[in-house]
Amino acid sequence: QVQLGESGGGLVQAGGSLRLSCAVFRRTTSDYVMGWFRQTPGKEREFVAAISGSGISTYYADSAKGRFTISRGNAKNTVYLQMSSLKPEDTAVYYCAAGTRGVATQSGRYDYWGRGTQVTVSS
């Protein structure tokens, strides 16, 4: 069983930056594909970014390219999402996810989820 815990959300003005962290608590040493998703009320959970188990490959939604960066901590038990040039439309609850079935943009491909952290971008 893998437990995930997000932190780093908050209120920021448009154009500002935030760094989200996801702490990974696990009892196995298997590497996981890690992803970040976001969700606003009434909408489906949306893919933001993902990173392979090795940390070598990264993938981004078009909305995140050039502004967000996903990375792993050196000990591989923390994943970060550095967000810059934030826009009001980035406002959402951001979720961290872990999976073992390869990098994917579909939420159903991930097995474990955190509880989310709220990001609010004011105009």
Side-chain angles (χ1 to χ4, degrees):
Q1 186 75 15
V2 176
Q3 292 181 319
L4 309 176
E6 303 97 335
S7 61
L11 174 65
V12 64
Q13 288 188 333
S17 299
L18 278 176
R19 188 176 79 159
L20 305 183
S21 299
C22 174
V24 182
F25 306 97
R26 58 175 186 248
R27 295 183 292 178
T28 71
T29 57
S30 299
D31 286 335
Y32 292 88
V33 171
M34 301 298 299
W36 284 97
F37 289 75
R38 65 188 183 186
Q39 190 170 23
T40 54
K43 293 189 177 181
E44 292 187 356
R45 200 161 289 187
E46 174 189 23
F47 171 75
V48 177
I51 188 166
S52 63
S54 66
I56 294 175
S57 300
T58 56
Y59 305 84
Y60 296 93
D62 288 342
S63 60
K65 287 178 182 176
R67 299 189 300 126
F68 295 1
T69 301
I70 188 171
S71 62
R72 286 183 178 267
N74 290 336
K76 291 192 176 180
N77 61 352
T78 307
V79 175
Y80 302 102
L81 184 67
Q82 178 68 48
M83 304 186 295
S84 303
S85 301
L86 283 162
K87 306 174 183 179
E89 50 264 44
D90 294 318
T91 295
V93 176
Y94 283 72
Y95 296 91
C96 176
T100 59
R101 290 174 280 178
V103 176
T105 61
Q106 301 91 344
S107 60
R109 294 285 299 274
Y110 291 83
D111 304 302
Y112 307 102
W113 292 85
R115 294 187 176 185
T117 184
Q118 176 71 46
V119 172
T120 303
V121 184
S122 63
S123 57

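Side-chain contact check for Y94 versus L18: every heavy-atom pair is 4.5 Å or farther apart. Side-chain contact between M83 and L20 is present, with heavy atoms from C-beta onward closer than 4.5 Å. R45 places a side-chain heavy atom less than 4.5 Å from the side chain of W113. A heavy-atom distance below 4.5 Å is found between the side chains of E46 and S63. A 4.5 Å side-chain heavy-atom check between R72 and I51 finds at least one atom pair inside the cut-off.
The residues K65 and D62 are annotated as salt-bridged, a charged nitrogen and a carboxylate oxygen being separated by less than 4.0 angstrom.
Contact between A14 and S123 at its shortest, heavy atoms only, is CB-CA, 4.3 Å. The two atoms that bring A92 and Q118 nearest to each other are O-NE2, 3.4 Å, heavy atoms only. The nearest pair of heavy atoms linking Y95 to G114 is CD2-O, 3.5 Å. L81 and W36 get closest at one heavy-atom pair: CB-NE1, 3.6 Å. The two residues C22 and M34 have their closest heavy-atom pair at SG-CE, 4.2 Å. In terms of heavy-atom proximity, T91 sits nearest to T40 at O-CG2, 3.1 Å.
V79 and F47 end up in different hydrophobic clusters when Ile, Leu, Val, Met, Phe, Trp and Tyr side chains are linked at under 4.5 Å. In terms of hydrophobic clustering, with Ile, Leu, Val, Met, Phe, Trp and Tyr side chains grouped at heavy-atom distances under 4.5 Å, V93 and V12 are assigned to different clusters.
Between the side chains of R19 and Y80, no donor-acceptor pair is found at a separation under 3.5 Å.
Not a single donor-acceptor pair under 3.5 Å links the side chain of Y110 to the backbone N or O of V103. Within the 3.5 Å criterion, the main-chain N or O of G116 finds a donor-acceptor partner in the side chain of E6. In terms of modelled atom types and a separation under 3.5 Å, the side chain of S52 and the main chain of S57 share a donor-acceptor contact. Judged by distance alone, the side chain of R67 and the main-chain N or O of S85 form a donor-acceptor pair under 3.5 Å.
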Side chain to side chain contact (heavy atoms under 4.5 Å, CB included) between V48 and F68, intermediate numbers included: CA-CA 9 Å; V48 177; F68 295 1; 3.6 Å; yes
Intermediate values then yes/no, side chain to side chain contact (heavy atoms under 4.5 Å, CB included), T100 and Y32: CA-CA 5 Å; T100 59; Y32 292 88; 3.5 Å; yes
Verdict with supporting geometry, I70 and Y60, side chain to side chain contact (heavy atoms under 4.5 Å, CB included): CA-CA 9 Å; I70 188 171; Y60 296 93; 3.5 Å; yes
Check against side chain to side chain contact (heavy atoms under 4.5 Å, CB included), D90 and V119: CA-CA 8 Å; D90 294 318; V119 172; 5.5 Å; no
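Atoms CG and CZ, from D111 and R109 in turn, are 9.5 Å apart once rounded to the nearest 0.5 Å. Taken to the nearest 0.5 Å, the CZ atom of R115 stands 9.0 Å off from the CD atom of Q3.
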